[in-house]
Amino acid sequence: MRNISYAEALGEAILEEMERDDTIFTYGEDVAKQGGIFGAYKSLLGKFPNRIFDTPISEEVIYGSALGAALVGMRPVVEFHFADFLFTGIQSITLQIEKIRYMTGGQGKLHLVLRGPDGVSNSAAAQHSESIETIFMHIPGIKIIIPSTPYDIKGLMKTALRSDDPIICFEHKSLYATKGEVPEEEYFIPLGKAEIKKEGKDITVVSMSRMVHESLRAAEELEKEGISLEVIDLRSLVPWDKETVIRSVQKTNRLIVAHETWRRAGWGAEIASTIQEEAFDFLDAPIARIGARNVPMPFNALMQNFVTPNKENIIIEAKKLLGR
Amino acid sequence: MRNISYAEALGEAILEEMERDDTIFTYGEDVAKQGGIFGAYKSLLGKFPNRIFDTPISEEVIYGSALGAALVGMRPVVEFHFADFLFTGIQSITLQIEKIRYMTGGQGKLHLVLRGPDGVSNSAAAQHSESIETIFMHIPGIKIIIPSTPYDIKGLMKTALRSDDPIICFEHKSLYATKGEVPEEEYFIPLGKAEIKKEGKDITVVSMSRMVHESLRAAEELEKEGISLEVIDLRSLVPWDKETVIRSVQKTNRLIVAHETWRRAGWGAEIASTIQEEAFDFLDAPIARIGARNVPMPFNALMQNFVTPNKENIIIEAKKLLGR
Amino acid sequence: MRYSKNFLVSLYQTMQKIRKFEQSAEQLFLEGKLPGFIHLYIGEEAIATGVMAALNQGDYITSTHRGHGHMIAKGGDIKRMMAELFGKTSGYCKGKGGSMHIADFSIGVLGANGVVGGGLPIAIGAGLGIKMKETNQVVVAFFGDGASNTGAFHESLNFASVYRLPIVFINENNQYASTAKTKETTSVQNISDRAVSYSMPGITIDGNNIIAVYETAREAIERARDQGGPTLIEAKTYRIKGHFVGDPTKYRENIEVNKFWENEPIKIWEKQLLDSKIITDKEIKKINEELDAQISEAILFAENSSDPIPENALSDLFVDDAGYDY
Amino acid sequence: MRYSKNFLVSLYQTMQKIRKFEQSAEQLFLEGKLPGFIHLYIGEEAIATGVMAALNQGDYITSTHRGHGHMIAKGGDIKRMMAELFGKTSGYCKGKGGSMHIADFSIGVLGANGVVGGGLPIAIGAGLGIKMKETNQVVVAFFGDGASNTGAFHESLNFASVYRLPIVFINENNQYASTAKTKETTSVQNISDRAVSYSMPGITIDGNNIIAVYETAREAIERARDQGGPTLIEAKTYRIKGHFVGDPTKYRENIEVNKFWENEPIKIWEKQLLDSKIITDKEIKKINEELDAQISEAILFAENSSDPIPENALSDLFVDDAGYDY
Ligand SMILES: Cc1ncc(C[n+]2csc(CCOP(=O)(O)OP(=O)(O)O)c2C)c(N)n1
Ligand SMILES: Cc1ncc(C[n+]2csc(CCOP(=O)(O)OP(=O)(O)O)c2C)c(N)n1
Ligand SMILES: [Mg+2]
Ligand SMILES: [Mg+2]
């Protein structure tokens, strides 16, 4: 099978759907001239000059306009520049997009996609490194996909572009250039279906995005020491695939939840709380959570790497859980 | 001891501190002419005409200006109109107030207080009923107080007004008119110290704000059936008093965390996750979480009350935990 | 006047329908029959009525927290509106929204909005969508004087201008934003002066003059429809009632209010219609009786409608809500 | 000219100091020695230099993501700046901030800012604070053309006008916001035209003319200090380099850039100083050598400074951080 990058796979998904459905259009800052801040739209350049455009730096309108466009029948795809800048327009999401259908008793379909980069990368520091998916998991009204591979982003984005509900997609900066197998044939990945990226028997590790790869690296290293991790990639956070996690924990009896966002009140706490509620008797040890230290992201790489979780943290927690 | 209302106690705290410290000033929408949207500033009316004023509807500046004013040596106290409208200016908090001291290597003191109403009340519906403290617990950089009684708000607010760190205070709409004992003498309540509002032995209930009162009501009812709840009011969420909760759970071996905000990825998940991590062997049953159903707040009172947790939910969970 | 009698009388009817609807809502609220917040449009009826008279059925509007007038003038069903105020299942939002969130997407009302300025970005999106679809629809975005100080206002008008979107911005300057006097919180004399910042026409009119509203709106709407870009119209009026029903309005003098009662749009229009013999006292009486009957019917409909069951709270968030852990 | 030689030469020195600092930073970045993002102010030096020449030591500024020039002109220590670019403990932010977050509150620099428009509300707060304290300090808020389309811009200018805050808004119109041409995303010809919306003076000047910048800023600063309220100054310039170091800048033609290199402020000013015999070639050479030495020293200082220990990441969030579970 061919190998393409995460950015290319994402671009392909949007391109294919734009060719099929002329209600899809896309906009944001630096998308049309540059092909997106991390190049996700390179394959679209020149293709649909009227259906891709650059905007002023006006995030409240950029996000809020997606709602209006959806209500008149279009399928807007909006790039947020950095997840951090969701904050400059977030009322359009939390107070409008997430609520209007409900408040109006189910009127309208909000087929819109908000997507863009998040995560820590290369000393981008405190205002350009955040992952804030937990906020959207907490406030009801938007579905969340966070794909970790080229295969997953293509399949999930294609599903998103045919969904009638609002969806936000977080793409970790460090993933855009990563490559992976993506079939030529069309395929779709449903929301709410986790994938077991690696089977194992001693400890279940639940993660998403960059941390899936850190988990897989940890698993590889621990294998040598005879510790077997089962690595689950949730792929979507709203809805999240509780059943797959519970089944796995029933087998391994131990759980680690690993994410890059702050550990405190991060979504790992939701997974951990739910699993101890629903699989209490299967747990042989406390559920361990891994996340960033509770500080803004520092600039210096040594400090940045100290704050940001990686495979080492998973290895340490895994050994702790097994009393080693 | 005299009985005064929550709003009066809050007003007293600010008044006393304004009299003592002339760097304190306060502003927001509808504060000077009306005395605050829920009357918290009634006692200030006419007292410091230059140090209390009404603003345009410009939340990004209202919140962000607190930062600038603190940096030039003032102690601003900003009223946010409804917690929901934190979203219209939230970048000033999450990207600026919560980060600037850290990003600048510890320069400056951000002695500022953001305060205002949150919570469900009287069919205010989806855009006027939210409690969003979890967001500020997740994103590091601001301390959070959520007082449940007149006594607590006076003592905590006085501490806040002498703190050198940014503090956000959430005041449940339904509490302003409630009365309670408040001494004439000056007193302070430190952040990070929970209060056991009622001792008990069967189940620990951790809550804040309105839900403290619901918990106490539940405790009273359950007492009749021979079930004894220990009700802990955290009072501050950053920092939160882990030790007091752990000690209680070591005694009761059962924990319910009850808050009004959405259950999914709410702060109850952080408490639950932490306690199962640190007191796993003391737990005789899964930790139960109580929070709002994962939908926006509906208008109709029947639906509103169905979505919003109250003492009944606590009673049901308590009985479940004891297998009754 | 150069308009048909029908047209001129219909303006009166619509204004009165709004007025009577709201007077009833006020009464019902004060009797404790309606929950939540209700913001009355009383005294501002000429704006919604005049603007909507210049719009087509297929056009869109975004509204505000003070939205009953917009909804009625755009053709909303007062039965379903009243039922929504009561929180009934037969209401526009099945009791989920209430006064501040009434919408009817099918007649182009993209929602009242509890967030000041919140409707403006939505209007921009509708405008972008129309431009993409190349239909010749128009969007009207209503917003208050207070809203003109929000970031959303600025971002929206710049956006609309840059893409020449088919939008008309109607600023309802009722001189107050809650307890704040507009002139004390707003850095311009006329909010329409801000149009300069967006290279679009900016016009201030007497918002209590129904014909001025209609004609100014019509011109701007036609320009928008002909791809001539957006317009900012400031309609000066006065918020005769409190900010919400129950507001003690201690922040202003009664004398000020009384002055504006003199100048309220329905009284003026009724007098003009009578003075110019377009209508007779008898016809006026008949119209009002008919409207009263409609309102009574709406109240009856609402009161007789059933309450939602509590569990209804769990539907309507998503189109596809299979498997959600509510 | 009616200014002292010292003053006129100091303007040259400051501009060159900024230029040389940034050229070194660019070089170091391209050599892979600096991490993160670096936004160069090259070609825009006259603005920071001219404005700061008109400010007092005790005055405040808020800066942007393109902030090296503001910091240097306000009297920042280039050693600690360079160390910060390297992420060293001796840097202004102890390595926690990097280029985009350099600040020195002690000299009135309330921070560079990675959020477009993010500094404006902070400037408003400083202005409010000054008004409360009744000192006669002034705040200058720098922001880009792109930032003039954010909601923060609008809310801030309205706020400043309503309370007559002692603030001067300096719009650095370098004709680009990242890849976007300003004129394609901005609904006015001159950003200063937007001052009308806030009833404050709005002035457009040639931002590459150091004397024009100085004199215009001085007047506005004096007005602010005398409680005459805020001013919006648009200084037109050009972003000669890419948006950030490493930007391939495929969205514009080299010919356009070359045209502006001809008109860059330091070259113009050097020529003027020489032509009017205020300075000799020899003096110019000496100044430049001295500056080169300072920059080399700064780089040496930075390179020789120690890296933070990773655990330092856990300090500096709160003043009182006892008991936090980092
Ligand atoms: C973003 C936001 N901030 C504050 C409020 C509270 N609030 C509701 S209405 C209102 C005044 C609005 O004034 P204006 O825009 O003039 O509309 P009017 O009420 O006069 O029709 C305020 C401050 C809100 N709903 N939304
Ligand atoms: C709120 C926000 N949105 C988007 C960005 C990404 N961004 C960084 S700089 C920039 C362009 C800024 O243009 P301008 O204000 O003209 O400043 P310049 O870079 O030209 O100095 C953008 C879009 C950001 N940093 N903050
Ligand atoms: Mg108003
Ligand atoms: Mg620029």
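If you check the side chains of B/Ser58 and C/Asn149, you find no donor sitting under 3.5 Å from an acceptor.
Residues of residues 232-254 of chain C placed with any heavy atom under 4.5 Å of a heavy atom in chain B are listed by number as C/Tyr251. Listed in order of number, the residues of residues 87-98 of chain C that approach chain B to under 4.5 Å between heavy atoms are C/Gly87, C/Lys94, C/Gly95, C/Lys96, C/Gly97, C/Gly98.
Heavy-atom distances place both the backbone and the side chain of C/Glu311 under 4.5 Å from chain B. Both the backbone and the side chain of B/Ala124 come within less than 4.5 Å of a heavy atom of chain C. Using a 4.5 Å cut-off between heavy atoms, C/Ile38 does not touch chain B at all. Only the side chain of C/Val116 comes within less than 4.5 Å of a heavy atom in chain B; its backbone stays farther off.
For the atom pair B/Phe299 CZ and C/Glu84 CD, the distance stands at 6.5 Å (nearest 0.5 Å).
Nearest heavy atoms, B/Ile57 versus C/Ala177: CD1-CB, 4.0 Å. What you find for C/Thr185 and B/Pro56 is that their closest heavy atoms are O-CG, 3.4 Å. Across all their heavy atoms, C/Ser178 and B/Asp30 have their closest contact at OG-OD2, 2.7 Å. Contact record, C/Asn113 with B/Gln127: OD1-NE2, 3.3 Å, taken as the closest heavy-atom pair. Counting all heavy atoms, side chain and backbone alike, B/Met303 lies closest to C/Ile309 at CG-O, 3.9 Å.
Applying the salt bridge (charged side-chain N to carboxylate O under 4.0 Å, His left out) rule to B/Lys173 yields no partners; only residues at least two apart in sequence or on another chain are considered. Checked against ring pair (Phe, Tyr, Trp, His ring centres under 6.0 Å), C/Phe142 has the following partners two or more places apart in sequence or in another chain: C/His70.
Environment of CD in C/Glu31: crowded, with over 12 heavy atoms of neighbouring residues, nucleotides or ligands closer than 6.0 Å.
Within the 4.5 Å cutoff, side-chain heavy atoms of C/Val115 are placed close to those of B/Thr88. By the 4.5 Å heavy-atom criterion applied to side chains, C/Leu317 and B/Pro296 are counted as neighbours. The shortest side-chain heavy-atom distance between C/Pro35 and B/Asn122 falls under the 4.5 Å cut-off. Within the 4.5 Å cutoff, the side chain of B/Phe306 has heavy atoms near those of the C/Leu314 side chain. Considering only heavy atoms from C-beta on, C/Glu184 stays 4.5 Å or farther from B/Asp54 through its side chain.
Using the six-membered ring where Trp is involved, B/Phe82 and C/Phe37 have ring planes that are perpendicular, over 60° apart on the 30 and 60° scheme.
Interface summary for chain B: among C/Pro310, C/Gly114, C/Ala147, the most heavy-atom pairs under 4.5 angstrom belong to C/Pro310.
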